[in-house]
Amino acid sequence: METVSTNRAFGGVQGVYKHESEICGCPMTFAVYVPPQAESGPCPVLWYLSGLTCTHANVMEKGEYRRAAAEHGIIIVCPDTSPRGETIANDDGYDLGQGAGFYVDATETPWAGHFNMYSYVTSELPDLIAENFPADMTRQAILGHSMGGHGALTIALKNKDVFRSVSAFAPITNPIAVPWGQKALAAYLGADQSAWRACDATALIEDGNTVPEILVDQGDADNFLAEQLDPKAFKTACETAGIDLTYRMQPGYDHSYYFISTFMADHIAWNAERLKG
């Protein structure tokens with residue numbers, strides 16, 4: 001693992017790191033904030049999964065999470081959203097290819113072999129974090145935005161013994177039913193839509209996967225809300241399954257990091273409470 005940079009912040013250390021990923025078959029970059037409490041012992045981990053077009057840097061530079069992370073003694077891990085490089089498959093659209101891994105393991109050409117973001121986030125990168133940082137891997141939570149909200153929800157639902165809590169900003173909750181998801185899942189997983197259900201939070205809940213509770217914040221001025229983020233089916237699935245869903249519609253907020261940074265401290269505090277003990 002190569003250290004790209006480190007900076008002192010709120011008594012802790014914000015770092016950026018790079019390593020050669022076997023799962024993705026290319027170098028991968030990620031950010032980790034270690035709070036001051038880590039000087040006294042391992043700290044719980046909150047994963048943050050970013051949305052379309054983002055890298056680790058978007059939330060690191062605009063998410064305003066360090067003060068709250070330092071207050072609650074939480075390590076924040078921010079992976080990239082996809083493999084990257086000149087030899088890695090890509091697409092002309094912003095919603096497919098590099099910057100748009102959708103946190104799935106691709107099975108279709110030309111994506112298979114590199115686009116394995118589900119395994120990267122749930123297996124390879126956690127092992128690297130455990131080996132190199134003062135992280136208590138028995139206490140993990142996961143949070144994401146938009147495409148990353150989709151990733152956080154699906155990963156938590158499929159790994160409920162790993163993650164104690166999950167929350168999201170403006171998540172893609174039902175990708176099999178919206179254009180972003182339909183394009184990506186068809187490309188990465190093929191035309192058989194039955195394979196898509198394991199990568200859709202609403203379908204996963206309908207098929208019997210549950211978590212105790214979920215926190216979601218959504219802006220009502222989000223221009224993607226109606227076409228790409230429509231949460232009706234997700235809300236129904238949660239209600240039917242008995243999942244305690246707190247879905248907060250925030251007046252006047254859009255899809256940007258202005259929205260995320262406003263409510264980031266709420267989400268860190270909410271997850272931190274469930275990581276105690």
Side-chain angles (χ1 to χ4, degrees), residues 31 33 45-69 72 74 76-81 94-95 99-103 117 121 140-157 163-175 178 180-181 184 200-202 211 213-235 238 243-275:
Y33 177 72
V45 177
L46 175 60
W47 295 79
Y48 179 89
L49 305 185
S50 292
L52 289 166
T53 76
C54 291
T55 71
H56 68 282
N58 294 76
V59 68
M60 186 182 77
E61 296 171 356
K62 297 184 287 187
E64 300 184 21
Y65 57 76
R66 281 171 287 270
R67 182 188 296 274
H72 294 284
I74 304 292
I76 308 289
V77 180
C78 309
D80 201 346
T81 53
Y94 73 94
D95 52 357
F102 269 82
Y103 305 98
M117 291 303 295
V121 169
Q140 297 185 69
I142 192 164
L143 160 66
H145 168 234
S146 192
M147 178 186 72
H150 142 76
L153 291 170
T154 55
I155 287 171
L157 286 163
F163 298 98
R164 294 194 182 186
S165 60
V166 57
S167 65
F169 299 111
I172 307 172
T173 55
N174 194 194
V178 299
W180 274 344
D200 180 297
T202 299
V211 293
E213 55 188 334
I214 299 170
L215 170 64
V216 172
D217 272 306
Q218 171 68 59
D220 70 358
D222 188 328
N223 60 320
F224 298 115
L225 177 57
E227 183 180 16
Q228 304 285 9
L229 308 175
D230 184 4
K232 290 193 294 292
F234 179 70
K235 290 180 177 178
C238 287
I243 295 173
D244 183 5
L245 172 65
T246 300
Y247 193 98
R248 307 191 304 187
M249 187 64 74
Q250 303 293 356
Y253 284 91
D254 58 18
H255 201 69
S256 72
Y257 269 91
Y258 296 107
F259 160 60
I260 295 167
S261 63
T262 300
F263 300 102
M264 179 64 83
D266 287 358
H267 281 249
I268 291 175
W270 187 87
N271 284 287
E273 183 176 353
R274 286 146 185 82
L275 288 169

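Computed from heavy atoms alone, side chains included, the values below leave out hydrogens, waters and symmetry copies. Starting from 1, each residue takes its place in the sequence as its number. Note that the structure is a prediction, hence the values are computed from the model and not measured.
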If I take atom [atom1] from residue [X] and atom [atom2] from residue [Y], how far apart are they, to the nearest 0.5 angstrom?
| X | Y | atom1 | atom2 | answer |
| --- | --- | --- | --- | --- |
| Met249 | Asp220 | CE | CG | 6.5 Å |
| Cys54 | Met60 | SG | CE | 12.5 Å |
| Ile74 | Arg66 | CD1 | CZ | 15.5 Å |
| Asp266 | Leu215 | CG | CG | 8.0 Å |

Do Asn174 and Asp230 have a side chain donor and acceptor closer than 3.5 Å?
-> no
Going by atom types only, do His255 and Asp222 share a side-chain donor-acceptor pair under 3.5 Å?
-> yes
Side chain to side chain contact (heavy atoms under 4.5 Å, CB included) between Trp270 and Glu213, intermediate numbers included = CA-CA 11 Å; Trp270 187 87; Glu213 55 188 334; 4.0 Å; yes
Do you know the tightest heavy-atom contact between [X] and [Y]?
| X | Y | result |
| --- | --- | --- |
| Val166 | Ala156 | CB-CB, 3.6 Å |
| Gly51 | Ser146 | CA-CB, 4.5 Å |
| Ala168 | Gly149 | CB-CA, 4.0 Å |
| Thr202 | Ala233 | CG2-O, 3.7 Å |
| His56 | Cys78 | CB-O, 3.4 Å |
| His150 | Pro175 | ND1-CG, 3.9 Å |

Any donor-acceptor pair under 3.5 Å linking the side chain of Arg164 with the backbone of Ile142?
-> no
Ala57 backbone acceptor or donor facing Thr55 side chain under 3.5 Å = yes
Quick one: do Asp200 and Thr154 satisfy side chain to side chain contact (heavy atoms under 4.5 Å, CB included)? Show the steps, please.
-> CA-CA 6 Å; Asp200 180 297; Thr154 55; 5.7 Å; no
What do you reckon, are the aromatic ring centroids of Phe102 and Trp180 less than 6.0 Å apart?
->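 Ring-ring flag for Phe102/Trp180: false, centres at least 6.0 Å apart.
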Looking at the rings of Tyr247 and Phe234, which for Trp means the six-membered one, are their centres under 6.0 Å apart?
->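 No, the ring of Tyr247 stays outside the 6.0 Å limit from the ring of Phe234, centre to centre.
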State whether the number of non-hydrogen atoms from other residues, nucleotides or ligands found under 6.0 Å of Arg67 atom CZ is greater than 12.
->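 Not buried by this count: 12 neighbours or fewer within 6.0 Å.
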When you compare the side chain of [Y] with that of [X], does any pair of heavy atoms fall below 4.5 Å?
| X | Y | result |
| --- | --- | --- |
| Thr173 | Leu229 | no |
| Thr262 | Glu64 | no |
| Ile268 | His72 | yes |
| Pro171 | Val216 | yes |
| Met147 | Thr81 | yes |
| Leu225 | Gln218 | yes |
| Met117 | Leu49 | no |
| Val211 | Phe163 | no |

Could you walk me through whether Leu46 and Val77 pass the side chain to side chain contact (heavy atoms under 4.5 Å, CB included) check?
-> CA-CA 6 Å; Leu46 175 60; Val77 180; over 6 Å; no
Scan Tyr253, Tyr258, Tyr257 and name whichever one has a ring pair (Phe, Tyr, Trp, His ring centres under 6.0 Å) with Phe263.
->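 Only one option passes, and that is Tyr253.
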Output, in order, the C-alpha distance, side-chain angles, deciding distance and verdict of side chain to side chain contact (heavy atoms under 4.5 Å, CB included) for Tyr65 and Tyr48.
-> CA-CA 10 Å; Tyr65 57 76; Tyr48 179 89; over 6 Å; no
For [X], side chain to side chain donor-acceptor pair (under 3.5 Å) partners two or more places apart:
| X | value |
| --- | --- |
| Ser167 | His267, Asn271 |
| Asn58 | none |
| Asn223 | none |

